[in-house]
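Quick note: numbers below take in every heavy atom, side chains included, and nothing from hydrogens, waters or symmetry partners. Per chain, numbering begins at 1; letters A, B, ... match sequence-line order.
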There are 2 protein chains.
Amino acid sequence: MDKKDALNAFAALSQPTRLDVFRLLITKGEVGMQAGELAEALDVRQNTLSANLSVLLNAGLVRNQREGRAIRYFADTEGLQGLLGFLLQDCCGGRPDLCQPLIQDLTCSC
Amino acid sequence: MDKKDALNAFAALSQPTRLDVFRLLITKGEVGMQAGELAEALDVRQNTLSANLSVLLNAGLVRNQREGRAIRYFADTEGLQGLLGFLLQDCCGGRPDLCQPLIQDLTCSC
DNA sequence: TCCATAATTCATGAATTATTGAAATGAATG
DNA sequence: CATTCATTTCAATAATTCATGAATTATGGA
């Protein structure tokens with residue numbers, strides 16, 4: 001993860017449909033969703049969604065996998081981890097006591 | 001933190017100078033940096049930096065505080081926390097075992 | 001092979017965003 | 001109270017991004 005990758009990823013997440021897609025896929029975990037299901041769930045045209053999925057793919061935020069004629073998409077948590085690690089590199093002026101709360105309170109609402 | 005806030009924040013981080021500013025401020029913790037110091041450190045003109053700082057402020061990613069005639073800026077970790085919480089809401093299909101690694105490996109490099 | 005389905009690619013126009021020079025604001029100093 | 005320093009605001013131009021219709025690719029079934 002370098003600066004260019006990070007910029008790509010943040011740009012990818014700064015568009016309404018793409019943010020919706022990513023957050024929806026995050027909730028789906030390893031189940032994922034097919035492109036068509038995503039388009040229907042979010043009420044977006046196929047080609048528009050496809051363009052946006054391609055941005056997310058290119059940003060390393062989603063993965064995909066062909067499944068018959070459909071293509072199934074998943075949130076790429078490794079990509080996300082890389083992004084957050086880059087963003088928080090050397091954080092908090094070297095004081096773990098300030099830093100811990102930031103990380104720890106990211107309690108997952110599973 | 002709602003969707004609009006999140007989009008603002010990601011858009012703010014998707015511009016090179018602003019990403020540099022935020023990451024630099026993250027490393028500075030509660031020490032922060034004055035606008036002029038930031039401009040010099042990142043080799044950006046004052047008015048360009050000012051416009052970018054205002055975007056980061058508006059996105060809730062930095063705070064500032066007047067200090068004599070200068071203005072000191074800080075990364076706003078609460079804002080960042082809100083953003084990440086929003087992004088990861090209901091993550092991993094309700095399976096904490098998949099979710100934990102994502103959060104925990106964000107070990108802070110303090 | 002031919003057709004239907006699922007998804008992607010491409011070109012275009014509309015809208016948004018970024019940078020800059022110039023001017024203005026706000027706070028401290030003499 | 002005038003000056004200076006630090007920063008912001010303004011207006012204009014340049015560059016980027018977005019959704020869309022039309023065309024294309026890929027897969028599976030008749």
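One distance of note links CG of Leu38(B) with NZ of Lys28(B); it measures 9.5 Å at 0.5 Å rounding. Here the OG1 atom belonging to Thr27(B) is positioned 11.5 Å from the CG atom belonging to Leu88(A), to the nearest 0.5 angstrom. In this structure, CD in Gln81(B) is found 10.5 Å from CE in Met1(B), a value given to the nearest 0.5 Å.
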Throw together a table of side-chain donor-acceptor distances under 3.5 angstrom for residues 46-63 of chain B, partners on residues two or more places apart or in other chains.
from, atom 1, to, atom 2, distance (Å)
Asn52(B), OD1, Arg18(B), NH1, 2.9
Asn52(B), ND2, Thr48(B), O, 3.3
Arg63(B), NH2, Glu30(B), OE2, 3.4

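In the displayed structure, Asp2(A) atom CG is contacted under 6.0 Å by more than 12 heavy atoms of other residues, nucleotides or ligands.
In plain terms, the two heavy atoms of Leu25(B) and Ala75(B) that are nearest each other are CB-N, 3.7 Å.
Listed by chain and number, the residues in a salt bridge (charged side-chain N to carboxylate O under 4.0 Å, His left out) with Arg23(A) amount to none (sequence neighbours excluded). Checked against salt bridge (charged side-chain N to carboxylate O under 4.0 Å, His left out), Asp20(B) has the following partners two or more places apart in sequence or in another chain: Lys3(A).
By the 4.5 Å heavy-atom criterion applied to side chains, Leu80(B) and Leu87(A) are counted as neighbours. Proximity of Tyr73(B) to Leu24(B): side-chain heavy atoms (C-beta onward) are nowhere separated by under 4.5 Å.
Here the C1' atom of nucleotide dT19(C) and the CD atom of Gln46(B) are 15 Å apart, to the nearest Å. Atom CD of Gln34(B) and atom P of dA27(C) are 16 Å apart (whole Å).
Mapped onto DNA chain D by nearest heavy atom, Thr17(A) and Asn64(B) fall at different nucleotides, with Asn64(B) at the one closer to the 5' end.
Taking every nucleotide of DNA chain D with any atom under 4.0 Å from a non-hydrogen atom of chain A, the first and last of them, 5' to 3', are dC18(D) to dG28(D).
DNA chain D is contacted by Arg66(A), Gly68(A), Arg69(A) of residues 66-74 of chain A, taking any non-hydrogen atom closer than 4.0 Å.
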Protein and nucleotides 21-23 of chain C: nitrogen or oxygen contacts under 3.5 angstrom:
from, atom 1, to, atom 2, distance (Å)
dG21(C), OP2, Arg45(B), NH1, 2.5
dG21(C), N7, Asn47(B), ND2, 2.8
dG21(C), O6, Asn47(B), ND2, 2.9
dA22(C), N6, Asn47(B), ND2, 3.3

